[in-house]
Amino acid sequence: MDATIKSIRPNKPSDRQPESRPAELDPAEFLAVAVRADQPRPARAEAEAAVKTLLAYIGENTEREGLLDTPRRVVEAFDELYQGYHQCPAEVLDRTFGETAGYDDFVLVRDIEFTSQCEHHMMPFYGKAHIAYTPVERVVGLSKLARLTDIFARRLQTQEHLTAQIAAAIDEILKPRGVAVLIEAEHTCMSVRGVAKHGASTFTSRFTGMFRDNPAEQARFLSLVRGTTR
Ligand SMILES: Nc1nc2c(ncn2[C@@H]2O[C@H](COP(=O)(O)OP(=O)(O)OP(=O)(O)O)[C@@H](O)[C@H]2O)c(=O)[nH]1
Ligand SMILES: [Zn+2]
């Protein structure tokens, strides 16, 4: 059985949205730092105690030598995996360059590796993001598209939400002629637990502006992503 989910197809006219940004996306979530400095959060010691509780829950002896430092390590790993809550997408795309010699095609960065955590099970999903945008006069540093991907990936996510947030941030901040984002990923909550299907890939895409309105541009983006130029 082919478990691959493919949601990519050129938009039919009836699919076109008048707004490039989906209504459910709040600019506060894709433009700003997600955790405000004044937001109350549990102390680190409380987080470590919670890890100890989970260890006891699975039946472990929390006092054995090999586990003594585990709560600290887990909380440190969380700090790393979820650092995107403290990072600002708008700042990453802040620096642009104007000397483009009138460049007027889209810019595509393909195969941006990422790891994110699914918000249903807090288990990793990982894969590649492919991002294109068509600049208006100014371009952004290429690495910034990868940095933007990491900011959103290092938060609890669904793949659909991650895809939409990346597109919305680029759309809102750079105001390009269009954005195309395609993400392909494997979800460990689906491969190592639950239905346990290894190798199933999930594809999600978001097109705005000229990519949304012009199926030929979508097709050109998709063929470049697949490595087959037209
Ligand atoms: N749409 C979407 N679903 C996801 C994503 N990550 C995980 N899921 C799914 O979230 C669903 C949660 O379903 P529930 O029935 O509430 O939870 P569950 O009992 O653990 O489901 P199973 O995984 O089927 O065992 C599962 O079908 C997951 O495969 C994602 O990024 N997008
Ligand atoms: Zn999951």
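Values below: every heavy atom of this structure, side chains too, minus hydrogens, waters and symmetry copies. Numbering of ligands and ligand atoms starts at 1, following listing order.
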C118 near the Zn ion (ligand 2) via N/O/S, less than 2.8 Å: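 Short answer: yes, at least one N, O or S atom is under the cut-off.
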Protein non-hydrogen atom below 4.0 angstrom of [atom] present:
atom	result
atom 27 (O) of ligand 1	no
atom 19 (O) of ligand 1	no
atom 14 (P) of ligand 1	no
atom 1 (N) of ligand 1	yes
atom 31 (O) of ligand 1	yes
atom 6 (N) of ligand 1	yes

Should R177 and D104 count as an ion pair when the cut-off is N to O under 4.0 Å?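 No salt bridge links R177 with D104.
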Presence of salt bridge, E76 and R73, under 4.0 angstrom: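 Salt bridge: no.
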Considering heavy atoms of the protein only, find what lies nearest to atom 29 (O) of ligand 1 and give residue, atom and distance to 0.1 Å.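 So the nearest neighbour among protein heavy atoms is C189 SG, 4.4 Å.
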Nearest-neighbour protein heavy atom for atom 3 (N) of ligand 1, which is reported as residue plus atom name and distance: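 Minimum-distance protein heavy atom for atom 3 (N) of ligand 1 reads H120 CE1, 4.0 Å.
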Determine the interplanar angle of the H187 and F125 rings, folded into 0 to 90°, and report it as parallel if under 30°, tilted if 30 to 60°, perpendicular if over 60°.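 H187 and F125: parallel rings.
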Does the plane of the ring in F78 sit parallel, tilted or perpendicular to the ring in Y82? Use 30° and 60° as the thresholds.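 Because their plane-to-plane angle is over 60°, the rings of F78 and Y82 count as perpendicular.
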Can you find a pair of side-chain heavy atoms, one from K128 and one from I112, that are under 4.5 Å apart?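 Side chain of K128 against side chain of I112, heavy atoms only: no contact under 4.5 Å found.
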Polar proximity ligand 1 side, E160 side, N/O cut 3.5 Å exclusive: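 There is such a contact, yes.
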If we only count N/O pairs under 3.5 Å, is Q159 in contact with ligand 1?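 N/O-N/O distance under 3.5 Å: yes.
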CZ (R110) with more than 12 external heavy atoms under 6.0 Å: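 Count over threshold, so yes.
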For E60, is the CD atom crowded, meaning more than 12 foreign heavy atoms sit under 6.0 Å from it?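 It does: E60 CD has more than 12 such atoms within range.
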Do T204 and Q159 have side-chain atoms, one donor and one acceptor, less than 3.5 Å apart?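 Judged by distance alone, the side chains do pair up.
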Does a donor on one side chain and an acceptor on the other come within less than 3.5 Å for H198 and E186?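 Side chains of H198 and E186: no pair found under 3.5 Å.
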Looking at H121, pick out the N, O or S atom nearest to the Zn ion (ligand 2) and give its name.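 Distance check against the Zn ion (ligand 2) picks out ND1 in H121.
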Would you kindly specify which portion of R193 sits under 4.0 Å from ligand 1, judged on non-hydrogen atoms: side chain, backbone, both or neither?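 For R193, the contact with ligand 1 is made by the side chain alone.
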Side chain, backbone, both or neither: which part of H121 has a heavy atom under 4.0 Å from ligand 1?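 Near ligand 1, H121 shows its side chain, while the N, CA, C and O stay back.
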